Q: 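Sending over a structure as structure tokens; questions will come in a sec.
Sequence lines set the chain letters: A, B, ... in the order given, protein chains first and strands last, and positions in each chain run from 1. Here the structure is a predicted model, which is why all the values come from computation and not from measurement.
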There are 2 protein chains.
Amino acid sequence: MARSRPTLKDIAERAGVHASTVSRALNPATAHRLSADVVAQIRDAAAALGYRPHGAAASLRTGLSRSVAVVLPDLTNPVFPPIVRGIEETLAASGFIAILANTGNDPDRYAAIFERLMSRGTDGLILASARRDDPIVDRCIAESIPLVVINRTVDRGGVSAVINDDDRGAALAVQHLCDLGHRRIAHLAGPQSLSTGHARSRGFNRAARSLGLAAADLSTVFADTYTRDAGHRAAKRLFRDASQPTAVACANDLLALGCYDALRDVGLRCPEDVSVVGYNDMPFLDLLAPPLTTVRIQHEEMGRQAARILMQHVEKPAQQPFDVVLRPELVTRGSTASLRRSSQVEARSTEPAFEA
Amino acid sequence: MARSRPTLKDIAERAGVHASTVSRALNPATAHRLSADVVAQIRDAAAALGYRPHGAAASLRTGLSRSVAVVLPDLTNPVFPPIVRGIEETLAASGFIAILANTGNDPDRYAAIFERLMSRGTDGLILASARRDDPIVDRCIAESIPLVVINRTVDRGGVSAVINDDDRGAALAVQHLCDLGHRRIAHLAGPQSLSTGHARSRGFNRAARSLGLAAADLSTVFADTYTRDAGHRAAKRLFRDASQPTAVACANDLLALGCYDALRDVGLRCPEDVSVVGYNDMPFLDLLAPPLTTVRIQHEEMGRQAARILMQHVEKPAQQPFDVVLRPELVTRGSTASLRRSSQVEARSTEPAFEA
DNA sequence: AACTTATGTGCAATCGATTGCACAAAGAGG
DNA sequence: CCTCTTTGTGCAATCGATTGCACATAAGTT
């Protein structure tokens with residue numbers, strides 16, 4: 001009944017030419033070597049038959065699949081969807097397809113995913129899941145598999161990376177808090193095994209030092225994952241001490257949400273008692289109570305760049321790796337307030353806690 | 001330098017057998033037909049050489065790629081990431097890979113994506129982007145391409161679908177508002193070209209009628225897309241009239257967020273002046289001001305079911321299509337309040353607007 | 001002991017597209 | 001008019017894995 005898909009041979013028969021000619025006619029890169037009328041005839045025949053190229057066959061012969069894998073820890077972290085969208089759109093515009101895989105932060109699954117992707121003939125990898133010391137990255141380099149790390153980078157070189165200037169981003173946050181008059185500032189740090197956690201901590205400390213903040217006024221707690229829950233637990237430790245900070249710079253928005261949770265636990269208000277800054281500017285932060293001040297990164301642009309660079313590596317294997325470092329910016333919202341204003345608000349505490 | 005990937009032939013040579021034997025040894029479904037020691041020897045040789053199957057070659061021969069495409073309107077709509085995660089995890093557990101594509105609600109792009117996916121030898125499609133009348137669905141059926149629609153379904157039959165009981169979900173929302181004493185209830189409806197928009201509107205009307213609400217007290221405005229912005233525009237119309245509703249049941253959380261925006265525009269407060277209910281229970285609604293009461297759907301479970309069903313269709317083409325209808329539940333949060341309590345709060349308006 | 005059946009492995013064709021090489025025809029140059 | 005290019009197309013091998021068929025050997029039957 002359902003006649004099977006037409007092949008090049010079928011088109012060739014219909015157009016009265018050889019299959020190889022059809023192949024050349026249908027490939028824009030080789031079509032110019034044929035006479036125009038033959039090409040037209042073949043195109044017509046192909047259209048008439050409803051021809052669809054057979055990717056697997058082409059892939060077998062050429063060794064390329066025009067598919068790229070995007071590996072990330074967990075898609076439900078809201079920072080990733082815009083990145084993935086940027087990647088997917090850019091790939092699609094060049095006829096590439098995007099394969100998606102979540103590691104769930106599980107090294108075994110990470111390794112299994114890698115194997116599966118490689119045996120599926122993926123042309124290259126975009127890793128948003130890289131740790132500073134990442135065995136998969138090492139393997140890709142050893143096997144010269146095109147690779148781009150995104151958002152997070154690795155300590156070793158030899159890999160193209162699209163990242164943010166996290167050092168600077170953290171500094172923006174500290175500067176902002178300092179401008180508002182805060183001196184006892186805490187850092188709710190992310191996992192130090194990830195370049196983002198590490199770089200943001202470093203940026204925090206450098207900035208604090210260069211602003212002349214006293215070491216005794218600074219404190220740092222570490223969250224072991226970038227989750228609201230881990231942020232909650234870590235932040236609790238922060239508010240247990242006597243030397244409570246008046247401001248917290250968080251390494252990530254989810255951690256900041258956890259910080260909100262902790263503040264609520266101990267009965268402190270944001271921003272009246274404690275200012276909070278996040279990092280990433282994930283969607284809908286403007287609707288929170290209070291709207292979260294955060295460091296904005298260029299999600300979609302990161303994705304677009306990474307896709308573009310990866311395709312370069314795929315199409316030109318000799319391409320040397322390079323980094324793209326994007327500039328973050330501070331987005332000021334309601335979760336940060338000046339010390340002065342904070343105390344005023346504190347004085348007349350019957351006021352609505354948060355205003356639009 | 002870099003010796004190319006080992007093939008079955010290489011393993012065969014090393015193990016002193018024929019390539020076909022290697023193929024059988026490495027395939028769990030056929031390995032039992034070989035003697036145990038030959039299998040062991042071949043496995044060792046394969047491991048020693050670091051063999052990785054060549055998916056494209058297998059795919060060419062078998063016609064199956066063990067890859068499934070997930071097509072959705074826009075990944076940055078927060079309702080999708082959990083669904084996609086459920087899909088991807090379930091597929092991965094069975095050795096399938098997930099290809100991701102965003103249509104951006106653009107019919108041309110949608111069609112192009114379909115062509116690209118098909119020529120890539122995708123085994124089947126999970127469509128989260130289906131309209132009630134969807135040409136791509138028709139084509140899949142015509143070409144007997146395994147297909148599952150998810151979240152939204154189509155009017156025509158003949159397709160497996162994993163959806164929610166939207167009728168019931170909408171009824172839960174209306175019932176809740178009614179229980180709180182609301183009578184002038186509005187419906188902020190979604191696109192009627194989508195089954196969700198349509199079913200939720202129907203559910204709203206049916207429930208309102210069966211609760212004995214007066215037709216004059218009810219009103220409906222339509223948003224043309226499921227976006228915060230469209231919700232904002234539609235909700236504005238709602239509050240322009242004299243006969244303002246005291247409660248709004250929205251067809252979607254993003255529309256509800258737009259409703260928040262509109263309330264802010266006209267200076268009405270939620271929930272004191274107007275109660276708002278969303279739909280979907282997308283992440284982080286609990287952190288909004290006020291936390292959004294909404295109808296929760298089982299995101300991940302939908303994804304898991306869809307993946308499971310699609311794999312069934314792929315592996316058993318004779319499988320008849322069927323529906324899975326999941327049951328939604330109401331999640332009560334701060335955006336809804338009883339009429340009585342609302343007026344009380346209104347009376348002493350110096351109180352904090354929202355409490356934890 | 002001869003004969004049937006089961007079991008394990010090899011052989012070779014096949015999937016569909018691509019591409020180096022060969023070659024015919026047409027045009028250019030002397 | 002003959003040779004030398006250039007241009008356009010065909011031929012056939014190839015990519016790597018799978019699988020129906022054939023066949024040899026071993027096991028079981030009478």
Q: Given Val159(B), which of Ile141(B), Val148(B), Asp323(B) fulfils the side chain to side chain contact (heavy atoms under 4.5 Å, CB included) condition?
A: Ile141(B)
Q: When we call it a touch if two heavy atoms are under 4.0 Å apart, what does His54(B) touch: a base, just sugar-phosphate, or nothing?
A: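 It contacts sugar-phosphate atoms only.
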Q: Do the side-chain N and O atoms of Ser160(A) and His313(A) include a donor-acceptor pair separated by under 3.5 angstrom?
A: yes
Q: Is any side-chain heavy atom of Arg120(A) closer than 4.5 Å to one of Ser59(A)?
A: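 A side-chain contact under 4.5 Å is absent here.
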Q: Which nucleotide of DNA chain C is the first, and which the last, in the 5' to 3' direction, to come under 4.0 Å of a heavy atom belonging to chain B?
A: dG8(C) to dG16(C)
Q: Base, sugar-phosphate alone, or nothing: which one does Ser20(A) contact when heavy atoms must sit under 4.0 Å apart?
A: base
Q: If you assign Leu34(B) and Thr62(B) each to the DNA chain C nucleotide with the nearest heavy atom, which residue ends up on the more 5' nucleotide?
A: Leu34(B)
Q: Quick test of your reading of the model: are Lys9(B) and Glu13(B) salt-bridged, counting only N-O distances below 4.0 Å?
A: no
Q: Show the numbers, then the answer: is there a side-chain hydrogen bond (donor to acceptor under 3.5 Å, both in side chains) between Asp134(A) and Tyr110(A)?
A: CA-CA 11 Å; Asp134(A) 195 299; Tyr110(A) 190 19; 3.1 Å; yes
Q: For Val22(A), which contact category applies under a 4.0 Å heavy-atom criterion: base, sugar-phosphate, or nothing?
A: nothing
Q: With DNA chain C as reference, determine whether Leu60(B) or His32(B) sits nearer its 5' end, using the nearest nucleotide of each.
A: His32(B)
Q: Using the closest heavy atom to pick a nucleotide of DNA chain D for each, name whichever of Arg61(B) or Thr21(A) lands nearer the 5' end.
A: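 Result of the comparison: Thr21(A).
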Q: Is it true that Tyr226(B) and Thr196(B) share a donor-acceptor pair across their side chains at a distance under 3.5 Å?
A: yes
